[in-house]
Amino acid sequence: MEKANKLSYDEAIQRAETIIARLEQADALSMDEYKKSASEAEALLKQCRDELTPKE
């Protein structure tokens, strides 16, 4: 798994979209794979949100 903070915004959002599409077909994943993928998507989306949030 590639670390979220090493990806550009575009790469991170694309990777998150790929993971989410796979999660929508959850019957193809084991529970461990599902949890790992969901955690990765969450980290990627947090990175993207952080880049879009103005710094105070």
Side-chain angles (χ1 to χ4, degrees):
M1 175 174 64
E2 200 167 353
K3 293 285 185 195
N5 60 2
K6 292 185 179 181
L7 299 176
S8 70
Y9 176 87
D10 291 335
E11 292 169 329
I13 201 72
Q14 182 178 22
R15 174 75 179 137
E17 288 172 349
T18 300
I19 293 169
I20 291 166
R22 196 172 75 212
L23 292 174
E24 290 175 342
Q25 300 172 348
D27 56 327
L29 299 174
S30 71
M31 184 53 74
D32 286 340
E33 291 172 316
Y34 186 90
K35 291 188 318 187
K36 182 179 177 182
S37 294
S39 293
E40 181 182 0
E42 181 180 24
L44 290 163
L45 292 172
K46 181 185 181 318
Q47 173 194 339
C48 292
R49 230 181 355 262
D50 289 349
E51 288 186 32
L52 295 174
T53 304
K55 307 286 190 253
E56 291 186 21

message: With rounding to the nearest 0.5 angstrom, report the SG to CD1 distance, C48 to I13.
response: 4.0 Å
- prompt: More than 12 foreign heavy atoms under 6.0 Å from CD of Q14: is that the case here?
  reply: no
- line: Of all heavy-atom pairs linking L45 and A16, the shortest is CD2-CB, 3.8 Å
- request: Kindly give the heavy-atom pair with the smallest separation between T53 and R49, and that separation in Å.
  value: OG1-O, 2.7 Å
message: Return the CD1 to NZ distance between I19 and K36, rounded to the nearest 0.5 Å.
response: 10.5 Å
- line: Value for CD1 (I20) from CD (Q25), rounded to nearest 0.5 Å, stands at 13.0 Å
message: Between K46 and D50, does any side-chain N to carboxylate O distance fall below 4.0 Å?
response: yes
query: Is R15 paired with E40 through a side-chain N to carboxylate O contact shorter than 4.0 Å?
result: yes
- request: Drop me the distance from K35's NZ to L29's CG, to the nearest 0.5 angstrom.
  value: 13.0 Å
message: With clusters defined by side-chain heavy atoms of hydrophobic residues (ILVMFWY) lying less than 4.5 Å apart, directly or transitively, does Y34 cluster with L44?
response: yes
- line: In this structure, CD of Q47 is separated from NZ of K6 (nearest 0.5 Å) by 12.0 Å
